[in-house]
Amino acid sequence: MSPRIYTIGCMIVLLAGILVLTLGYGPLTRVFVSPPRCEVAGSSADIFRFWKSIGVKGRVAVVFTRRLNGEVVGKEVESSVKYVEAALQQGMVRTVYHVVPDGAWSEVSEKLSRMPGVRPIESGFAILFGAGRVHVLPLSHFTPIQEKALVVVAPAEWTIDEYGVIVNLIKQQRVPADLLAVLRGSDAEVARLCEALAVSR
């Protein structure tokens, strides 16, 4: 076989590989929500049901909560459904930004630093879940993202000022959202977030 034919063959194999990766894992596989929606979630399990029923796939999620997979009611974990992990495992989500209140960061970072498989990065920590990744960071280290995201906000876990920052991130499209889930928010808190999403369109 001549070197030229060999080179052409290698190029064809390379291009075929790129095409397969693009079709299987790239932007063409991502399922977005149109028009953008704002939903109220009574529990973390509701959020997973929203995502699953809409059929989202290959997405980025930005989760503004103290706890990644479930909220605590009293002294009990409200839901055994680890919705973020399940969404990562099922390919609904590929990257998660778990943004926690600055006041909780010392406790969160201390816990994460002792966990196996958790890697410190400049903004916080990175956790690998199969083919997906979770970035855990405090609100003050969060930087704008470009891709439309699945956004979850638990209003009760934030100070008034922090909540205002989150609302503005959505309104100014520094967190562009097409599906916003408000976890256990008051009517006023839900209205404020949903209005921010409407303004951002």
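None of the values given here were measured: they were computed from a predicted structure.
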**Q** Mark yes or no for whether His98, through its side chain, and Thr65, through its backbone, hold a donor-acceptor pair below 3.5 Å.
**A** yes

**Q** Should Glu107 and Lys111 count as an ion pair when the cut-off is N to O under 4.0 Å?
**A** no

**Q** With no hydrogens and no angle check, do the side chains of Glu189 and Ser186 hold a donor and an acceptor under 3.5 Å apart?
**A** yes

**Q** Which heavy atom of Pro155 sits nearest a heavy atom of Leu183, and at what distance?
**A** CD-O, 3.3 Å

**Q** To the nearest 0.5 Å, what is the distance between CD1 (Ile54) and CZ (Arg49)?
**A** 13.0 Å

**Q** Which residue pairs pass the disulfide (SG to SG under 2.5 Å) test with at least one member in residues 100-186, sequence neighbours excluded?
**A** none

**Q** Atom CH2 in Trp158, atom CG in Leu139: separation rounded to 0.5 Å?
**A** 5.0 Å

**Q** Could you tell me if Gln90 and Lys52 have a donor-acceptor pair between their side chains, going purely by distance under 3.5 Å?
**A** yes

**Q** Report yes if some heavy atom in the side chain of Pro144 is under 4.5 Å from a heavy atom in the side chain of Val175; otherwise report no.
**A** no

**Q** Could you note down all residue pairs passing disulfide (SG to SG under 2.5 Å) where residues 151-201 supplies at least one of them, sequence neighbours left out?
**A** Cys38-Cys194

**Q** So do the side chains of Ile47 and Trp51 get within less than 4.5 Å of each other, counting heavy atoms only?
**A** yes

**Q** For Gly58, is there any backbone N or O sitting under 3.5 Å from a side-chain donor or acceptor partner on Arg94?
**A** yes

**Q** What I'd like to find out is whether the side chain of Phe64 reaches to under 4.5 Å of the side chain of Leu193, using heavy atoms alone.
**A** no

**Q** Between Phe48 and Met92, what is the shortest heavy-atom contact and its length?
**A** CE1-SD, 3.8 Å

**Q** Going by side chain to side chain donor-acceptor pair (under 3.5 Å), name the residues that satisfy it together with Ser109, two or more places apart in sequence or in a different chain.
**A** none

**Q** Answer with yes or no whether the hydrophobic clustering places Val96 together with Leu137; edges join I, L, V, M, F, W, Y residues whose side-chain heavy atoms lie under 4.5 Å apart.
**A** no

**Q** Determine yes or no for a side-chain-to-main-chain donor-acceptor pair under 3.5 angstrom, with Asp46 supplying the side chain and Ser43 the backbone.
**A** yes

**Q** Is any side-chain heavy atom of Leu197 closer than 4.5 Å to a side-chain heavy atom of Arg37?
**A** no

